[in-house]
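Working notes for the structure below.
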Amino acid sequence: MTTYLIKNVSVLGGEPRDLLVRDGQLHEPSGPAADVTIDATGLVALPGLVDLHTHLREPGREDAETVETGSRAAALGGYTAVCAMANTDPVADTAGVVEQVYRLGQAAGLVDVQPIGAVTVGLKGETLAELGAMAESAAKVTMFSDDGFCVNDPRLMRRALEYVKAFGGVIAQHAEEHRLTEGAQVHEGVQSAKLGLTGWPAVAEEAIIARDVLLTEHVGSRLHVCHVSTAGSVEVLRHAKARGVNVTAEVTPHHLLLTDVRACTYDPVNKVNPPLRTQSDVDALRAALAEGIIDAVATDHAPHAAEDKECEWSRARPGMLGLETALSITMQVLGNDWETIAERMSRTPARIAGLSEHGHDPLPGNPASFTLVDPAARWTVDPEALASLSRNTPYAGMELPGRVVATFLRGEATVLDGKATR
Amino acid sequence: MPEMPGSEAPAVKEILSAADIARIVDRVAHQILEKTSGARDAVLLGIPTRGTPLARRLAGRIRAFEGTDVPQGVLDITLYRDDLRTRSARPVGPTSVPPGGIDGKRVILVDDVLFSGRTVRAALDALSDLGRPSHVQLAVLVDRGHRELPIRADYVGKNIPTSLSESVRVLFSETDGTDAVLLTGSTAK
Amino acid sequence: MKHLLSAADLDLDAATLVLDTATEMAAMASREVKKLPTLRGRTVVNLFYEDSTRTRISFETAAKRLSADVINFSAKGSSVEKGESLKDTALTLQAMGIDGVVIRHPASGAPNTLSQWVDGSILNAGDGTHEHPTQALLDAYTMRSRLGQLKGLRVAIVGDVLHSRVARSNVLLLRTLGAEVTLVGPPTLVPVGVEDWPATVSYDLDSVLPGTDAVMMLRVQRERMGQAYFPSAREYSRRYGLDNRRVKLLPEHAIIMHPGPMIRGMEIAPEVADSPRSTIVEQVANGVSVRMACLYLLLGGK
C-alpha cells in the first residue's frame with residue numbers, strides 16, 4: 001500500500017504539521033521515507049465528508065448517474081462516504097437491491113456507499129418494506145427513507161419509527177404533506193403568484209415535521225428530517241429539540257444559497273423538491289446550521305438526464321447536482337469555520353448514518369479518510385467539467401471558494417491534484 | 001476656426017428659403033389647376049411626414065386661386081415599404097381618405113422629396129388597396145434624382161442635382177417650426 | 001422588442017405603440033381590401049398545445065391579413081402526441097427557418113423555454129396559468145376605445161384570479177397604462193403572494209362595483225369545484241356572478257368584459273352578456289387588430 005507524507009498541512013485550520021498515511025491509518029511521521037510526499041502548504045485537512053442524501057440512480061437510470069460516476073463526483077467533492085437513496089428502479093426495498101448497491105460502491109472504491117433502504121414497499125406508502133432484512137444484509141442498513149415521497153400515512157410512519165428501534169435504525173423523512181402540494185412546482189409565495197406556477201406551501205413541510213417529531217417522541221424512536229427548507233421547519237425542530245425529541249435534520253447547499261427568484265427564467269435546472277424558498281428562509285436555515293438546530297449539510301445530489309431538464313418547467317424532474325459543489329457552497333455560507341464544517345459535513349452525518357469508520361479528525365491514530373482543501377482557491381463551476389454523468393447544476397458560471405485537492409479513503413488516495421485517481 | 005474636412009458637423013447649405021418655397025407651392029398649385037382642368041375630381045393625398053403639410057398648403061393655394069375645395073387626405077405607406085427589414089419596426093401612422101373616397105378620382109400623391117422612387121411605389125400599392133382612382137399623379141417639392149424605379153413626378157417644385165452622399169432635408173413650419181430646404185454634405189470618410 | 005412573453009415586457013411607450021398601431025390596423029379592417037403586404041415572405045407558426053380555436057383563428061387571421069405565411073401546428077395528431085419534446089419541435093421549427101412562433105401551451109413558462117431554442121420571435125398566446133399578453137392588450141384596447149384614456153381607469157377583475165393568465169397579464173399591463181385594478185374573487189381563488197401585485201384585492205363584489213369603470217369577468221372552470229375552491233356553482237354564481245341586480249350597481253358608463261369563452265349563468269347572466277354595455281363581441285374583433293399590431297411590431301422590422 002502506498003504511503004504518503006503530507007507536509008505542512010493545517011488540520012482543521014490548526015498550526016501546519018506533517019502527517020503520515022500508512023496502512024489506512026494516520027500516523028506521526030516516522031520510520032522509512034514515504035512513497036509519496038505531498039506539499040500541503042496552505043491546505044486544510046478535514047475529516048472525509050459524509051453525505052446523508054445522495055441519489056446515485058443505479059439501478060434504473062444509469063444514463064443519469066451510476067454508482068461509479070456518483071462515487072467519483074463525491075470523492076472530488078471531498079466525500080469519503082455517501083448514503084444512497086432508495087428511489088432507484090427497482091426500489092431499494094429489499095436486501096437484494098441494497099446489497100447490489102453496496103457492492104457496486106465497493107467495486108468503484110472511491111467512497112463508501114451506504115445504501116438507504118425504502119420504508120415502504122415500492123415507496124408506495126402502503127406496506128412496510130422488510131426493514132429488518134435490509135438491516136441484517138451485507139449492506140447493514142440503518143437508515144430508511146421513502147425520499148422523493150413522504151411517508152404520509154401517520155399510522156404507517158408511527159409503525160416504521162417503532163419498528164426500527166429493534167435494530168437502532170432511523171427513519172429519514174421527506175416531509176411533504178402531499179395533499180397540499182398537488183401539482184406544486186415552486187415555493188408558494190410572491191414568485192409562484194407571479195409565474196403562474198402551482199405553489200408548494202411551506203406549511204406542507206412544517207406540518208409533517210411537527211407531526212413526526214410528536215410521533216417520534218411518543219414512540220421513543222429516532223427521526224431524521226431530510227432537506228429542511230423553511231424557517232418554520234427550523235422553529236418546529238428547535239421546539240422538538242428543546243423537548244428532548246431524538247430528531248436530527250439536514251439542509252442542502254442549494255437551500256442555503258439559492259432562492260425562489262431563480263424560477264423566474266423557467267429554467268428547470270432550478271426546479272427541486274422541496275423547492276427553493278425565500279431569502280428569509282435561507283437566512284433562517286443558515287442561522288440554524290450555525291447554531292446546530294440543523295445538524296448536517298446533505299447534498300440531495302439528484303442527477304437528471306438532459307431530456308428530463310431541457311423541457312417545460314412543469315414537465316421537468318426536480319433535483320440538482322450537489323456532490324462536487326457542496327463544500328464550496330458551505331464554505332461560502334459558513335466562511336472558513338473548519339470546526340463547524342467538519343461537524344456538519346462529516347462527524348454528525350457519520351454519527352446519524354451509523355458510519356463509525358467516518359467522521360474522525362485527520363490526526364494520528366484515526367482512520368486515514370480525509371480530504372485536503374485549498375481554501376484560497378476560487379473556481380468557476382463548469383457543468384461540462386463535472387464528474388457526474390448529468391449536467392443539472394444550478395451553479396453553472398458561479399465562482400465559488402475552496403477547491404478539493406486530495407481525498408483519501410482508508411489510506412488510499414481517491415483524489416490527487418484535484419483529479420480522481422480512478 | 002476654419003472647418004476641417006471630415007471633422008465636426010457636415011456642411012449645411014440652404015437651397016430654398018421660406019420665400020422660395022412659398023413661390024414654388026404657388027406655382028405647383030397653378031400647374032395642378034392647369035393639368036386637371038381646375039382640379040376637377042382631384043384628391044390630394046399627402047405622404048407622411050412632410051407630404052401631409054405640403055398637400056394641405058397646395059389645397060390652401062388652390063382654394064385661394066380658384067375658390068375650389070380640393071379634398072385631401074393622408075396616405076401612410078409604412079406597411080407597404082419594401083425596406084421594413086432594414087431596421088426595427090417603424091410606427092404606423094394614420095391613413096385618412098376624404099369622405100368622397102378615391103374611386104374614379106384624380107389622385108395626386110404629394111411628397112416633399114422624390115429620390116429613389118420607392119416611397120412612391122409603396123404609395124401606389126397602398127392606393128390600390130384603398131380603391132381605384134381614374135388617374136394617379138405625383139407632386140413633389142424637390143426632385144433630387146437617383147431614381148431606382150421607373151417613376152417620375154407630374155409636378156416638381158425644384159430639381160436639385162445631388163450626389164448620393166448628400167442629403168436633402170425639407171423643413172416646414174408645421175412640422176419643423178420653419179420653412180427651408182437644406183442640402184447637407186457628406187460626412188467625409 | 002424580440003419576443004412578447006409577458007405583459008411586463010411592455011413599458012408605457014411600447015404598450016401605447018401597440019395600441020396605436022392596433023388602431024391603424026382596425027382602420028384597415030373596415031376597407032374592402034383587408035390585406036396588407038407587410039409580412040410577405042415571413043413565416044409564422046401557430047404552435048398550439050391546447051385546443052383554442054378562437055385564439056388560433058384570431059392569430060391566423062391577423063397573420064394572413066399581413067400576408068405572412070401561416071403554418072398551423074396543433075399538438076393533436078402531430079409528432080407531439082407521439083411524444084416529441086418541446087425542444088425537438090423547436091429545433092424542427094428552427095431548421096425550417098420560421099420568423100415567428102405563436103405558442104399556446106398548458107405549461108406556464110413554455111414560451112420562455114422555447115425562446116432559448118428558436119431564433120425567431122416568440123409570441124405568447126397563453127401559457128398555463130401564467131400569462132396571455134395579447135388578451136390583456138386587446139382588453140386595454142377595448143377599454144380605451146370605449147372609455148377614452150386608461151390612466152386612472154378603475155378596473156375590477158372578477159373570478160378565478162389564481163388560475164387566470166388573463167388576470168396576470170391584465171394586472172401588469174393595466175398598471176403600466178396607469179389604470180387601477182381591483183381583484184375580486186373568493187379567497188381560495190386569489191393567489192398567495194398577491195400582495196406583491198400592483199392591485200388591490202376584495203372578496204366583496206357588491207362593494208367594488210359602484211366604483212368601477214370596467215368589470216372583467218373571468219372564466220371559472222367547473223372542475224375547480226371538485227378541488228374545494230368553492231362549494232357549488234350556485235354559491236359561486238350568487239356571490240361572484242354578474243347578474244342584473246349587480247349590473248345596476250355599476251356606474252352608468254361602465255362596461256362589462258369577458259375574455260371568453262364564457263359560462264352563461266355561472267359567472268355572467270345571459271342578459272348581461274348580451275347587453276349593450278357588454279364588449280364581449282367587440283373584444284373578439286379587437287383581438288385581430290391587436291394581434292396584427294403585435295405581429296407587425298415583432299416581425300415587421302429587422
Side-chain angles (χ1 to χ4, degrees), chain A residues 177-206 230 232 259-271 275-281 304-318 391-392 396, chain C residues 5-8 49-50 75 80 83-91 103 105-117 122 124 126-133 160-169 171-172 183 189-199 201 223 226-228:
Chain A
E177 173 45 79
H178 70 299
R179 291 288 283 161
L180 291 175
T181 61
E182 276 170 29
Q185 300 293 333
V186 288
H187 171 66
E188 183 167 63
V190 166
Q191 294 301 322
S192 64
K194 179 177 146 201
L195 298 171
L197 291 168
T198 307
W200 200 124
V203 62
E205 173 174 306
E206 294 151 7
T230 78
T259 69
D260 60 346
V261 175
R262 277 280 191 129
C264 69
T265 60
Y266 292 96
D267 182 346
V269 80
N270 297 300
K271 180 173 173 174
L276 299 177
R277 304 286 185 184
T278 66
Q279 189 60 48
S280 61
D281 293 303
H304 284 298
E307 67 268 23
D308 290 326
K309 281 293 190 183
E310 290 183 355
C311 59
E312 301 88 326
W313 179 284
S314 56
R315 282 178 66 132
R317 302 190 58 177
R391 297 284 167 261
N392 54 307
Chain C
L5 304 175
S6 160
Y49 287 83
E50 263 182 1
V80 171
E84 183 176 87
S85 71
L86 182 63
K87 183 176 183 179
D88 287 327
T89 304
L91 297 179
I103 177 172
H105 200 289
S108 300
N112 302 60
T113 306
L114 182 69
S115 70
Q116 61 178 334
W117 297 312
I122 310 291
N124 182 0
D127 61 327
T129 53
H130 178 222
E131 285 213 43
H132 194 355
D160 183 357
V161 176
L162 176 62
H163 300 99
S164 176
R165 48 196 175 207
V166 176
R168 276 179 184 75
S169 287
V171 166
L172 292 167
L183 301 166
L189 291 175
V190 175
V192 168
V194 78
E195 61 274 9
D196 208 49
W197 292 15
V201 174
E223 61 261 33
Q227 298 158 330

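Just so we're on the same page: letters track the sequence lines, and every chain starts at 1. Predicted model only: the values in this text are computed from it and were never measured.
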Separation between CD of A:E312 and CG of C:L114, rounded to the nearest 0.5 Å | 9.0 Å
Of all of C:R168, C:E131, C:K87, which one pairs up most often with chain A through heavy atoms under 4.5 Å apart?
-> C:R168
Can you say whether C:H163 sits under 4.5 Å from chain A via the side chain, the backbone, both, or neither, judging by heavy atoms?
-> neither
Measuring heavy-atom distances to chain C, does A:T198 have an atom under 4.5 Å in its side chain, in its backbone, in both, or in neither?
-> neither
Counting only heavy atoms not in A:K309, do more than 12 fall under 6.0 Å of its NZ?
-> yes
Does the side chain of C:S108 reach to within under 4.5 Å of the side chain of A:Y266, using non-hydrogen atoms?
-> yes
What's the spacing between A:T265 OG1 and C:Q116 CD if we round to 0.5 Å?
-> 8.5 Å
Given a strict heavy-atom distance threshold of 4.5 Å, which part of C:V192 is in contact with chain A: side chain, backbone, both, or neither?
-> both
Relative to chain A, which segment of C:T129 carries a heavy atom at a distance below 4.5 Å: side chain, backbone, both, or neither?
-> both
Is the number of heavy atoms from other residues, nucleotides or ligands under 6.0 Å of A:R391 CZ greater than 12?
-> yes
Residue among C:A90, C:S6, C:P191, C:G109 with most heavy-atom pairs under 4.5 Å to chain A | C:G109
